[in-house]
Amino acid sequence: MLNVFLGYEQANRYTLVDPSGNPAGFMVEQRTLASEIGRQIYRIHRPFNVLVLDLNGKACLRIRRSFSFINSRISVTDEHTGRIIGESQQEWHPWRRRYNLFIRNDGPDNSHEFDQFARVDAPFLSWDFPMINVQGAMVAGVFRDFAGIGMELFSDYGLYAVCFDQLALSQRCAAGGGSGVAMSEQAMLAGGDLDFDQRAVVLAAAVSIDFDYFSRHSRGGMGGAGMLFFPMSSSEDQFSGGGD
């Protein structure tokens, strides 16, 4: 609880869980002496590297955030091959919460192109971040759930659901009631589910959303320790993780 009592910015840590609450993996921010110093100086502007690990501790993906003064930019890389999969870019707006999600395509002549597959345009103070494709259909979403008064006020503890396919989106949105019904109908308009690379970018975007808007330091207060929760597919695979 160093964040709470001293304002000491700690490294991000996340636990990934399946729909039944069983651990499925972890995400851990790499720590060095330089990163520890930079973390205290740059706060929410700081760069970081987060490794996505399986239950055996083997790295699968690397999520990298560069230094950002205003808009954050986060990329995800295949840890086995070093291939850059894609990235999520925050788009500045005076009150809306916006992101653009891209997949990188490598050409035969070593050229690289980034193709956008989804966009987030969430309202002011929103806890729901639906991801919409060019046809206007919802293809994924990151949803923050209430973790309790004490956790929300005095720590960075957070619960998140990340949905990667149409069934999970429909179930999540329908359960929300009200506007969730309209969102559920919008979700059913999409033509298909995300592939592995797109899901990796959505996961990186979830880390960026947590850091940009729900870190204690992103809200101007002192930080804490946290947990996250992510359902992600039609079988409602879940990530449970925590960001400090």
Side-chain angles (χ1 to χ4, degrees), residues 3 7-14 27-32 34-52 61-77 84-104 112-134 139-144 152 155-158 160 162 198 200-224 226 228 241-244:
N3 282 8
Y8 183 84
E9 180 76 2
Q10 295 177 272
N12 292 315
R13 299 188 304 274
Y14 304 87
M27 294 192 293
V28 181
E29 182 180 349
Q30 290 186 300
R31 304 176 66 175
T32 64
S35 69
E36 289 292 325
I37 296 173
R39 184 176 298 118
Q40 310 314 313
I41 297 173
Y42 299 120
R43 301 293 187 176
I44 64 170
H45 306 290
R46 66 182 174 86
F48 60 72
N49 287 286
V50 172
L51 291 179
V52 181
L61 299 170
R62 178 184 297 269
I63 297 172
R64 178 180 289 109
R65 183 184 193 269
S66 56
F67 174 86
S68 64
F69 185 68
I70 299 177
N71 295 325
S72 66
R73 184 171 182 171
I74 197 164
S75 64
V76 59
T77 303
I84 298 176
I85 296 173
E87 62 182 35
S88 169
Q89 300 176 9
Q90 186 181 29
E91 178 183 327
W92 185 87
H93 190 276
W95 62 85
R96 297 190 70 86
R97 298 179 167 186
R98 291 179 170 177
Y99 291 87
N100 297 298
L101 282 68
F102 300 87
I103 286 292
R104 193 175 94 156
H112 309 296
E113 291 185 354
F114 283 89
D115 296 328
Q116 186 170 0
F117 70 91
R119 172 179 171 81
V120 173
D121 187 8
F124 180 62
L125 297 180
S126 177
W127 282 24
D128 295 338
F129 298 83
M131 299 176 178
I132 312 301
N133 66 11
V134 68
V139 294
V142 177
F143 306 93
R144 180 178 171 97
E152 296 291 349
S155 78
D156 267 355
Y157 189 100
Y160 293 83
V162 178
Q198 292 170 329
V201 176
V202 171
L203 180 60
V207 174
S208 187
I209 288 168
D210 173 56
F211 189 79
D212 291 338
Y213 293 115
F214 300 106
S215 163
R216 294 295 296 176
H217 288 291
S218 71
R219 292 174 287 182
M222 292 186 294
L228 300 175
D244 296 343

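These numbers come from a predicted model, not from an experiment.
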### Message
Is there a side-chain contact between F214 and W127 in this structure, where contact means two heavy atoms from C-beta onward sitting under 4.5 Å apart?
### Response
yes
### Task
With sequence neighbours left out, write down each residue that passes salt bridge (Lys or Arg N to Asp or Glu O under 4.0 Å) with R104, or none if nothing qualifies.
D106
### Query
For Q89, which residues count as a side chain to side chain donor-acceptor pair (under 3.5 Å) partner, sequence neighbours excluded?
E87
#### Entry: Crowding at CZ, R73 (>12 non-hydrogen neighbours, <6.0 Å)
no
### Task
Identify the two heavy atoms, one from S88 and one from A205, that lie closest to each other, and give their separation to 0.1 Å.
OG-CB, 3.7 Å
### Query
To the nearest 0.5 Å, how far apart are CD in Q90 and CZ in F211?
11.0 Å
### Rounded distance [0.5 Å steps], CD1 in I74 versus CG in N49
9.5 Å
### Summary
Smallest heavy-atom separation, M131 atom then V142 atom, equals CE-CG2, 3.5 Å
### Set of residues satisfying salt bridge (Lys or Arg N to Asp or Glu O under 4.0 Å) with respect to R98, sequence neighbours excluded
E91, D121
### Query
What pair of heavy atoms forms the shortest contact from F114 to G86, and how long is it?
CE2-CA, 4.4 Å
### Short side-chain to backbone donor-acceptor contact, D115 and I103, under 3.5 Å
no
### Query
Got a second to check how far I209's CD1 is from F143's CZ, nearest 0.5 Å?
10.0 Å
## Note on the structure
W95 meets the ring-ring contact (aromatic ring centres under 6.0 Å, His included) criterion, sequence neighbours left out, with H93
#### Entry: Residues that A122 engages under side chain to side chain contact (heavy atoms under 4.5 Å, CB included), provided they are two or more places apart
R97, V120, S126, F129
### Query
Say you draw a straight line from CG of L101 to CG of N133; how long is it, rounded to the nearest 0.5 Å?
12.0 Å
### Message
Rounded to the nearest 0.5 Å, what separates atom CG in L51 from atom CZ in R64?
### Response
9.5 Å
### Query
So do the side chains of V76 and L203 get within less than 4.5 Å of each other, counting heavy atoms only?
no
### Query
Shortest non-hydrogen contact from V139 to F117?
CG2-O, 4.4 Å
### Task
Could you tell me whether the side chain of F102 reaches within less than 4.5 Å of the side chain of V201, counting heavy atoms only?
no
### Query
Which atoms form the tightest heavy-atom contact between A204 and I63, and what is the distance?
CA-CD1, 3.9 Å
### Residue list, side chain to side chain donor-acceptor pair (under 3.5 Å) with S208, at least two apart or on another chain
S72, D212
### Task
Report yes if some heavy atom in the side chain of I85 is under 4.5 Å from a heavy atom in the side chain of L61; otherwise report no.
yes
#### Entry: salt bridge (Lys or Arg N to Asp or Glu O under 4.0 Å) against R62, all qualifying residues, sequence neighbours excluded
E79
